[in-house]
Structures are given as C-alpha cells and as structure tokens.
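Down below is the structure, laid out as structure tokens.
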There are 2 protein chains.
Amino acid sequence: MAKMLGILGGLGPMSTVYFYEMITRMTQASCDQDHIDMVISSHATTPDRTAYIIGESGMNPLDVMVDDARKLQTYGAEVIAIPCNTAHFFYRQIQDAVTVPVLNIIEETVSAIRAEGVSKVGLLATVGTISTHTYQRVCEREGVGFAVPDNASQQALMRIIYDDIKGGRQADRTRFDAIAQELFDQGCERLILGCTELSIVKSQLSLPADRFTDSLEVLARATIRACGKEVNEDA
Amino acid sequence: MAKMLGILGGLGPMSTVYFYEMITRMTQASCDQDHIDMVISSHATTPDRTAYIIGESGMNPLDVMVDDARKLQTYGAEVIAIPCNTAHFFYRQIQDAVTVPVLNIIEETVSAIRAEGVSKVGLLATVGTISTHTYQRVCEREGVGFAVPDNASQQALMRIIYDDIKGGRQADRTRFDAIAQELFDQGCERLILGCTELSIVKSQLSLPADRFTDSLEVLARATIRACGKEVNEDA
C-alpha cells in the first residue's frame, strides 16, 4: 500500500524543488495517479542551519523544523524525508518529535557507498555538516575511510554553495574541480555530494556518477521505496 | 508582509514541480530566507479532471480538491494557487470552500494577454478545459477573440499532454507545430498554453514568448505578487 510522503523542505527552496523533481522523475509511473501523494513544507524562512551550528547566529532552526515535522504528520504524512544534509545534525530531535519514520540522508548515503565496495570517500558538505562530524561518525561506524577539504578549500566550497547556488547562479567549475582534485589526490575513490546544493552542482557540471555520489539521489531512491513504490532505473 | 502560499497540486505532479521551480526561480531573492514560505499538496491520486468532466469516469475530483484546499488553509496558507487549468472548471466551489483568496489562472492569463493588446488568441488546452468553455467565457467577457483546434488536432494535442508529458517523454515537435500552425492560420496572434503540461512543452521545444503565452508563468508572477514578493524579471 502506497504511503503519503511528507517533505520537510525549503532548506533551501531550490534543493527541495530538485528533490521533488527527482522523486517524480524516478518513480515508476505511467500516469499521474501512479505517483506518490505528498505534502511538502517549503519553509524558506527557517533560520540558516550552518550559521547556527558554527555559532554565527543565535537563531535556532530546530524549533521550526520540529514544528514542521509535526505539522506534516498532522497533515497525513506517513514517511518524512528532509532534503538537507546540514539539518541532519538535528536528526534525532526531529525523529523523536514524530511517530512516523524520518529517513536519514547521511546513513542512507554511507550505506549505499559501502555496498558498492568503496573504501575511502571524500566529503563535500557545508561547514555545518563537516564541523559536527555528521558524515565522519557514520563513516567510522560503517568502516569507510574518509577525507575532508582543507580550510581554504572548505571556504571555497561554501562560496559555491552560498554565492553560486543559493544565489541562483551557475557553479564555478574551476573552483569546484580544484576542490575535488585535492580529495582524489588523497586517495578518495568517491566523493560524497553531502549538501543538496551540491546535487544541483552535479546537474549543472554533469559530474560523473562513478566519481561522485549524490546524497539527494540516494535519499530519493530510499524515499520512493519507503513509500511503497518502485524506482524507474531509466530515469 | 510576506504571505504563506498554499499550492493545490499534483494535477499532475510534474506540472507542480515545474510551478514550484518557477516560483522559486522568479522570486527576487538573495538568500534562502528571502523566498516565499509554502505548503504544497502534491495529491497525485486525485481523479483525472478531464475524464470526469467529459463523462469518461464517474470519479469526481472535486471532493478531493475541496478537502485539499481546506487542509492547506488549516496548515497556514494565506493565498492558494492551483497549477492546473482543467481544475479551474471547479474554481468557484474551491474558492467557496476556503476563506483565503484562490488565484484564478484563467482570468490572470486572459487579463495579461488583453493588457498586451492581443485581439485574437488560440486556445491550447485539454478537452476538459475546451469543452467546458473555461477560457472562451473569460475571453468573451474581456472582449478577446479566440479560436480552438479542430477535433483531430484536439485529439493530437491530448496525445502530447497525456502520452508524451504525463508519460515522462519529450513532446512530439512535428505534431505540436502542426496544431499551432492551424491556429496561426486562422489569424490568432498569440496561443495560450492553457494546460500546465503545455508549459513543460514550451520549455522542451523553446517556444517563443511573443507567440505563446504560458498560463503557468502568468500564474507564477501573480502568485509571487500576491504573496508580497517581487518578480525577478531576469530569471
């Protein structure tokens, strides 16, 4: 039986657009009615996650996200997905606030990579995600090696995420390639695109799937299955 | 003061994805928090609108849409938009079911075209929209002449909407061009893309804005303004 999906989104809005598009495109369907019923919270004014985590802002996004999760459940959502890696720093509190399952993009992504036999990954994510060891902890638990960009590269990556993508522009390819190469040079076989804005970069720069794993795409597959539908592998 | 938007969607899902993308892209914003807060109902299993209107199916989509409009208002929506032309056959009942304003894609589109001084339009829409005279009535009231495709062309247009777009494929350009040319030959200065699937066709086939008015884009502009935000004219 198909389940109703709740998307806790707007973190940022364009990433949620992209996730919604991915779910729709990747669901095996031959007419409208074959698709998943969803309710999407696109709560754009949710305080910035990274700014709060690194102490740049005192505005706590957690209360907003917990409230949204509850509202989605009240609306009828039977499964919740959060298309924002950084927000998963608060995963436990969000899951504890509702009785329906909340999918975990970090665990789904590391499991998918581990299943492919990758032994060392490079982590591309926001300062908020990196500094809280969100991915690193799961990699350690799953026995997957990892590397992160150095400080200068991490700052450059934040400019791509905030200035380019959240600002509605194209990603700077030269800047992105330099950051990625640094991690490949350290022996990483695969880079995790661990920020939903980087999923948009993947699409803009046509990054190859055998070198980059898109966390948003992994979440989309897990979400379609959790809602009782099949993934269209040709999409 | 910015207003929270409710999108009554999923009619079909890919059109709602596209409308959400359009609103996000066209809102003047320099960071996530500048965007409109929204709640989106992507109710894919809503019975087919055209099938009900033309009597092919007894499954009435109205009860589902009225219920969704009320749920969106309960969630907090202060303005509601419906990215589906055919569903506007039921506009009055949906508006009557809630106390917040529901934008009307038909009236917004005809007004926008009239303001540009166009005297005769061609109507490209589903059989459901055409047979109920949804656009024709508003054109008559506004003093704008119109023409509709003949029966064979209307059937060909339905194949583009249902088989190509709702089926997840590219629109057949030869077929589309023949339908459009027939209307231009009858003296239509502009064609209304009066079905949200045809907005996707516009994007796929790069149809020129001076020959085709995309009802979904007109609705997106009206929606952004109704929510108290400005339209980014460069987007």
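Quick note on labels: first sequence line is chain A, next is B, and so on, each numbered from 1.
A distance of 9.5 Å separates SG of Cys195(B) from CD1 of Ile105(B), quoted to the nearest 0.5 Å. Note that CG of Leu72(B) and CE of Met4(B) are 8.5 Å apart. Values are rounded to the nearest 0.5 Å. For the atom pair Leu191(B) CG and Leu123(B) CG, the distance stands at 9.0 Å (nearest 0.5 Å). Here the CZ atom belonging to Phe176(B) is positioned 7.0 Å from the CG atom belonging to Leu157(B), to the nearest 0.5 angstrom. Atom CD1 of Ile200(B) is separated from atom CE of Met14(B) by 6.5 Å, given to the nearest 0.5 angstrom.
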Can you list every donor-acceptor pair under 3.5 Å that links chain A to chain B?
unit_1, atom_1, unit_2, atom_2, d
Tyr20(A), OH, Ser42(B), OG, 2.7
Asp32(A), OD2, Arg49(B), NH2, 3.3
Asp32(A), OD2, Lys166(B), NZ, 2.8
Gln33(A), NE2, Thr46(B), O, 2.9
Asp37(A), OD1, Ala44(B), N, 2.8
Asp37(A), OD1, Thr45(B), N, 2.9
Asp37(A), OD1, Thr45(B), OG1, 3.2
Asp37(A), OD2, Thr45(B), OG1, 2.6
Met38(A), N, Ser42(B), O, 2.9
Met38(A), O, Ser42(B), N, 2.8
Ile40(A), N, Ile40(B), O, 2.8
Ile40(A), O, Ile40(B), N, 2.8
Ser42(A), N, Met38(B), O, 2.8
Ser42(A), O, Met38(B), N, 2.9
Ser42(A), OG, Tyr20(B), OH, 2.7
Ala44(A), N, Asp37(B), OD1, 2.8
Thr45(A), N, Asp37(B), OD1, 2.9
Thr45(A), OG1, Asp37(B), OD1, 3.2
Thr45(A), OG1, Asp37(B), OD2, 2.6
Thr46(A), O, Gln33(B), NE2, 2.9
Arg49(A), NH2, Asp32(B), OD2, 3.3
Lys71(A), NZ, Tyr75(B), O, 3.0
Tyr75(A), O, Lys71(B), NZ, 3.0
Lys166(A), NZ, Asp32(B), OD2, 2.8

(request) Take Ile53(A) and Phe90(A), measure what side-chain contact (heavy atoms from CB on, under 4.5 Å) needs, and give me the verdict at the end. (result) CA-CA 10 Å; Ile53(A) 291 170; Phe90(A) 306 100; 4.2 Å; yes

(request) Kindly determine whether Ile23(B) and Ile224(B) satisfy side-chain contact (heavy atoms from CB on, under 4.5 Å), including the steps that lead there. (result) CA-CA 7 Å; Ile23(B) 296 262; Ile224(B) 291 167; 4.3 Å; yes

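Put simply, of Gly12(A), Gly76(A), Gly167(A), the one with the most heavy-atom pairs under 4.5 Å next to chain B is Gly12(A).
At a 4.5 Å heavy-atom cutoff, Leu5(A) makes no contact with chain B through either its backbone or its side chain.
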